[in-house]
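Here the structure comes first, spelled out in structure tokens, and everything after it is commentary.
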There are 2 protein chains.
Amino acid sequence: MNRFSRSSIGGNTGDRVYAILREAIVTAELEPGRQLSENELAELLGVSRTPVRGALARLREDRLVAIVPQLGSFVTLISRSGVEDAAFVREALECAAIRLAAERITESGLEEIQANLAAQERAERELDVESFDLLDETLHRIICQQAGHEVAWALSRRANGHLDRVRRLSLPDSSYLTEMVSEHKSLVAAVAEGDPDRAETELRRHLRMVLSSVDQIRVRHPEYFEDE
Amino acid sequence: MNRFSRSSIGGNTGDRVYAILREAIVTAELEPGRQLSENELAELLGVSRTPVRGALARLREDRLVAIVPQLGSFVTLISRSGVEDAAFVREALECAAIRLAAERITESGLEEIQANLAAQERAERELDVESFDLLDETLHRIICQQAGHEVAWALSRRANGHLDRVRRLSLPDSSYLTEMVSEHKSLVAAVAEGDPDRAETELRRHLRMVLSSVDQIRVRHPEYFEDE
DNA sequence: TCATGTGCACTAGTATACAAGTACGTCAGG
DNA sequence: CCTGACGTACTTGTATACTAGTGCACATGA
């Protein structure tokens, strides 16, 4: 226990504000293009402008918010290139990670993954999308952990703003959940068998699934998109 | 020209403070483990605490600074795992990018790269390490640009704090520059020939070179390192 | 001598006050 | 009716004041 180990507790007002705003943006409760007034948000959340400003600055790094000096802060519009960038980053990081995971996976790591998959099947049966999203995220985190580079997951998650929005905006039907679980099972199987090439292939296909729903959403919400 | 296009000008005090502090940390002018007082930095730079706080928050995301509430902010120590994480991220992103670049490179892109290489050789002859570092960075950026995902370079650069420090701490001799230029030439050649596999292999080897100097630096500056 | 408590000087977190800049409506004049 | 200048109401950027928590030194008592 040194003085650095306490450095990321995350119980501050600023962290809370960041989490709330990020969730609101990703679920499009704060829709793309919307103006965010620091004053308004501060009042709404019952805090001062300072933590709000900090949260907006972090969201800017996530590319979820654009801050124009002396003019305003805005939820970024969805753009094809933005989504493709996020997909690229996620693919690069997680594919590299899953290769390592397939080589290094431990017994307890596999057990953890199996438990996660079981819970995913439960969530699928009960159509509990919220739980499923959480389990999905956890699965990817475990894989990065097992690869020895959890940082890959953290970065992947952060670069992921546009992807998350697209995913959350597309109304997931039951076939979506079924498909996802099935893909998760295949790629976990490849990891369990210690086959990096197949694991990478499966993951790549899995990650590209989200991309396909972009156009579908653009049709439904053209006002959320940047014309390019 | 819409209202989003003005969002990243970067002429603010906060951005300036961030750039200054990052440079100071990367060059170890602010050495690993050193405590950074917001008040002290603010006074030193002739600004208030507000922009300093913002800069420190960003540096925390870069893992160059650890902020401990009610205790202080510190330049992070160098750790093997931190360096390996950074190397992993950079490898994953830039290798994925160079594969695309090898497939998509344009005529003008190649010309730009050749000009960069020529400048590198000049810098090598004149032992102008500072210019060389800049050209090195630019080369990697151009490659990511040509891949259509400049975001990869931006992320790679940010995740790169620990690597940069290690690189800047190791006194580069002329053989180092010679080696680097030679490696750059090989990987550019692979890109020019449109050979993604070879380009990736060359880049991977190139990026791992930095890693080898970690132990050398640890011997010289054990106090900069985290005991693990 | 050693252990313990207490105060002080420091820290970051937050709230507020002020400065600088932008957009837009309004009103006067051609 | 159209055009242009001005004022107002907003925005973010920065500086400062205040709050709460930490560690450390020093005094005090056993």
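Computation of the quantities below employed the complete heavy-atom set of this structure, encompassing side-chain atoms and omitting hydrogens, waters and symmetry-equivalent molecules. Note on naming: letters A, B, ... go to the chains in the order of the sequence lines (proteins, then strands), and numbering restarts at 1 for each one.
- Residues satisfying the side chain to side chain contact (heavy atoms under 4.5 Å, CB included) test with B:R204, not counting sequence neighbours, are B:E91, B:C95, B:E200, B:R208.
- Of the candidates C:dG13, D:dA15, D:dT12, the closest approach to any side-chain atom of B:R53 belongs to C:dG13.
- Between A:T13 and the phosphate of C:dT14, there is a side-chain N or O to OP1/OP2 separation shorter than 4.0 Å.
- For B:P51, counting side-chain heavy atoms from C-beta on, the closest listed nucleotide (D:dT12, C:dT11, D:dA15) is D:dA15.
- Closest contact between the side chain of B:Q70 and the listed nucleotides D:dT12, D:dA15, C:dT11 involves C:dT11.
- Taking the side chain of B:P69 as heavy atoms from C-beta on, and the options D:dT11, C:dG13, C:dT16, the nearest nucleotide is C:dG13.
- The side chain of A:I67 approaches D:dG13 more closely than any other nucleotide in the set D:dG13, D:dT16, D:dG23.
- A side-chain N or O of B:H184 and one of B:D136 form a donor-acceptor pair less than 3.5 Å apart.
- Put simply, CZ on B:R49 is 10 Å from C1' on D:dT16, counting in whole angstrom units.
- The pair B:R168-B:E23 meets the salt-bridge criterion, since a charged nitrogen lies less than 4.0 angstrom from a carboxylate oxygen.
- Of the listed nucleotides (C:dT14, C:dT22, C:dT11), C:dT11 has the atom at the smallest distance from the side chain of B:S37.
- The residue A:L56 sits apart from the nucleic acid: no heavy atom pair falls under 4.0 Å.
- Rounded to whole Å, the distance from CD on A:E38 to P on C:dA17 is 16 Å.
- The side chain of B:S48 has D:dT14 as its nearest neighbour among D:dT12, D:dT14, C:dG13.
- Salt bridge B:E126/B:R122: absent, no basic N to carboxylate O contact under 4.0 Å.
- Mapping B:G46 and A:S73 onto DNA chain D via the closest heavy atom, the residue that lands nearer the 5' end is A:S73.
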